[in-house]
Amino acid sequence: MSSDKVGEARTSKHIRLTSHPGPNATPVIRWGAATAAERGPVIGTTTHRQHRNVVGTHSGSYGVYRALAVAAGNLVKGHRADLTNTAPTTPIGPYPQWSDAHKIVSLDPWGAAVGEVFAEQLAQGYDIRPTIAVTQAHVHLPEIKQAIAFQRLQIDGKILLDDASATVTKIAVEPVWWIEGVAKRFNVSEADLRRVMFEETGGMYPELVTRSDIGIFLPPIGGQTLYIFGNPRDLANPEVTLTARVHDECNGSDVFGSDICTCRPYLTHAIEECIKGAQAGGVGLIAYSRKEGRALGEVTKFLVYNARKRQVGGDSADKYFLRTECVAGVQDMRFQELMPDVLHWLGVKKIHRLVSMSNDKYDAITGSGIEVGERVKIPDELVPADAKVEIEAKIAAGYFTDGVVPDAAALASTKGRDLV
């Protein structure tokens, strides 16, 4: 079937699986090139297949919803986004890390500026879509109101407004994986990584194994949201104090206030610290990643909660990780190897105050070449009573603390409440 005619592509009922390179109209991607022109655009269109140069499609985690909208007739197949007035409200970069192929492997450094840097290709009819969006927003949290009431924070009219909302630059990032670079991060061969991803997605992306000439994958996973307090350009200046937290999604706590973990109190504490830092002339950063339930998913997480509460002897810190292993087969799937990429995209060279106790995150950040100064633990008074099981188990496992590391007896005696 010829895919040159859009009408034909829309009405055809043929299904095509590709196992060979497409026509020469496909733009080449040279990951890590010094400029956008040399690097080439990332194109995940589902309409003009001869233009595609990636495995997967844009907005991969929402691709099925898009398919439902097309199937139901609510969305015209092949709709092309009108990018008028969608440019970033604050330009980011470019920074030297953008042209270091091994500093950034899981996002497109040029993904926010496609309307500018690929204007010529867009005019030629290529369906190039942003994978990063930058806007302005206000963050309004009851914990910040409380911090103002207790005079831990002061309204300044710039960072913190009269209504107790904080002004932020907000950035959404979709994942774009350079497969070769991702494989190197995990010390596996590219061929093995492609095969396992193909198998573990139930064969969803056959081009992973049939098109070795395509080196970019748009995985169907959640991305990241960044919240910057202060001037985003200061993130790349190691002379400006940066307060940062890298936070992995926990819907139950972050949104609904579940008290079995420390996620929301630690997140809101970090936001308070970011506001303080920005008001003192520094800059604050919250990098929020969609890795629900340690990347195991919320269903698995709730199953683990039940297992912890129902086990003989009740929920205890000494068996905290064991219950997760029994259900999921692993303690944690939030591999942090890809996490520093977004920091390099922002030009970060030094984090002066890292609001995190995670040894995995600290090791990943420093291992990528970013210096870390002070580490800030969650204040003891912010740890919910039922979350002491979690925090004590993590400290015993190597999480940062400036206090006492619990021994076996202390872990066994740290108990959570019953299931009800």
Side-chain angles (χ1 to χ4, degrees), residues 88-90 92 132-173 222-235 237 240-290 292 342-343 346 348 351-357 373-387 391:
T89 53
T90 302
I92 304 293
I132 300 175
V134 184
T135 189
Q136 302 296 311
H138 290 185
V139 174
H140 204 90
L141 295 171
E143 289 87 348
I144 299 305
K145 281 188 174 181
Q146 184 182 57
I148 295 170
F150 283 91
Q151 299 184 345
R152 297 196 307 271
L153 287 175
Q154 305 293 326
I155 291 173
D156 65 306
K158 181 180 179 182
I159 302 297
L160 198 53
L161 306 181
D162 289 339
D163 65 354
S165 64
T167 60
V168 295
T169 298
K170 186 166 65 172
I171 304 174
V173 182
Q224 297 172 295
T225 308
L226 313 177
Y227 296 85
I228 302 170
F229 302 79
N231 188 343
R233 294 176 182 85
D234 288 338
L235 292 165
N237 185 353
V240 177
T241 299
L242 168 56
T243 301
R245 174 167 176 77
V246 178
H247 188 93
D248 292 330
E249 178 183 28
C250 177
N251 180 65
S253 179
D254 295 342
V255 179
F256 293 100
S258 172
D259 65 350
I260 198 171
C261 66
T262 60
C263 294
R264 182 181 175 96
Y266 212 166
L267 176 60
T268 56
H269 173 65
I271 291 173
E272 182 176 333
E273 292 296 313
C274 285
I275 292 172
K276 284 181 184 176
Q279 289 181 325
V283 61
L285 171 66
I286 302 293
Y288 191 94
S289 299
R290 269 48 181 218
E292 179 63 63
V342 74
L343 303 177
L346 293 167
V348 172
I351 298 175
H352 302 75
R353 305 183 71 240
L354 179 63
V355 189
S356 173
M357 297 167 70
E374 178 187 2
R375 299 177 70 181
V376 182
K377 68 185 287 289
I378 185 172
D380 293 339
E381 63 270 19
L382 294 184
V383 178
D386 200 41
I391 201 69

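Atom set for the values below is all heavy atoms of this structure, side chains included, hydrogens, waters and symmetry mates excluded.
Here Thr169 pairs with Gln136 under the side chain to side chain donor-acceptor pair (under 3.5 Å) rule; sequence neighbours left out. For Pro384, the side chain to side chain contact (heavy atoms under 4.5 Å, CB included) partners at least two apart in sequence or on another chain are Asp259, Thr262, Pro265, Ala387. When the side chain to side chain contact (heavy atoms under 4.5 Å, CB included) test is applied to Ala133, no partner is found at least two apart in sequence or on another chain. Every side chain to side chain contact (heavy atoms under 4.5 Å, CB included) that Asp234 has, sequence neighbours left out, goes to Asn231, Val240, Val283. Residues satisfying the ring-ring contact (aromatic ring centres under 6.0 Å, His included) test with Tyr227, not counting sequence neighbours, are none. Scanning for side chain to side chain donor-acceptor pair (under 3.5 Å) contacts around Asn237 gives an empty result, with sequence neighbours left out. The side chain to side chain donor-acceptor pair (under 3.5 Å) check on Thr135 picks up nothing, with sequence neighbours excluded. Residues forming a side chain to side chain donor-acceptor pair (under 3.5 Å) with Arg290 (at least two apart in sequence, or on another chain): Thr225. Checked against side chain to side chain contact (heavy atoms under 4.5 Å, CB included), Gln151 has the following partners two or more places apart in sequence or in another chain: Gln154.
The salt bridge (charged side-chain N to carboxylate O under 4.0 Å, His left out) analysis of residues 139-167, with sequence neighbours excluded, yields the pairs Glu143-Arg264, Arg152-Glu272. Among residue pairs with one or both ends in residues 144-164, none qualify as ring pair (Phe, Tyr, Trp, His ring centres under 6.0 Å); sequence neighbours excluded. Legend: ring pair (Phe, Tyr, Trp, His ring centres under 6.0 Å) pairs involving residues 249-288, not counting sequence neighbours, sorted by first then second residue: His247-Tyr288.
In terms of heavy-atom proximity, Thr241 sits nearest to His352 at CA-ND1, 3.5 Å. His140 approaches Ser165 most closely through the heavy-atom pair ND1-CB, 3.3 Å. Taking each heavy atom of Thr167 and Phe229 in turn, the nearest pair found is O-CD2, 4.2 Å. Here the shortest heavy-atom pairing between Gln279 and Leu153 reads OE1-CD2, 4.2 Å. Contact detail for Ser289 and Gln224: the closest heavy-atom pair is OG-NE2, 3.2 Å.
Between the side chain of Arg353 and the backbone N or O of Glu374 there is no donor-acceptor pair closer than 3.5 Å.
There is no side-chain donor-acceptor pair under 3.5 Å between Glu273 and Thr243.
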From CA spacing to verdict: side-chain contact (heavy atoms from CB on, under 4.5 Å), Ile228, Thr90
CA-CA 11 Å; Ile228 302 170; Thr90 302; over 6 Å; no
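In this structure, CG on Asp248 lies 9.5 Å from CG on Asp254, to the nearest 0.5 angstrom. To the nearest 0.5 angstrom, Ile144 atom CD1 is 7.0 Å from Leu160 atom CG. In this structure, CD1 on Ile92 lies 7.5 Å from CZ on Arg233, to the nearest 0.5 angstrom. The CG atom of Leu242 sits 9.0 Å away from atom CG of Leu354, with the distance rounded to the nearest 0.5 Å. Expressed to the nearest 0.5 Å, how far CG of Asp380 lies from CD1 of Ile391 amounts to 9.0 Å. Rounded to the nearest 0.5 angstrom, Leu161 CG and Ile155 CD1 are separated by 8.0 Å.
At a threshold of 4.5 Å between non-hydrogen side-chain atoms, the residues Glu292 and Asn251 count as touching. Annotation: side chain of Ser356 is not in contact with side chain of Val246 (no heavy-atom distance under 4.5 Å). Here the side chains of Ile286 and Cys274 are in contact, with some heavy-atom distance below 4.5 Å. With a 4.5 Å cut-off on side-chain heavy atoms, Met357 and Ile378 count as touching. Using a 4.5 Å heavy-atom cutoff, the side chains of Ile260 and Ser258 are in contact.
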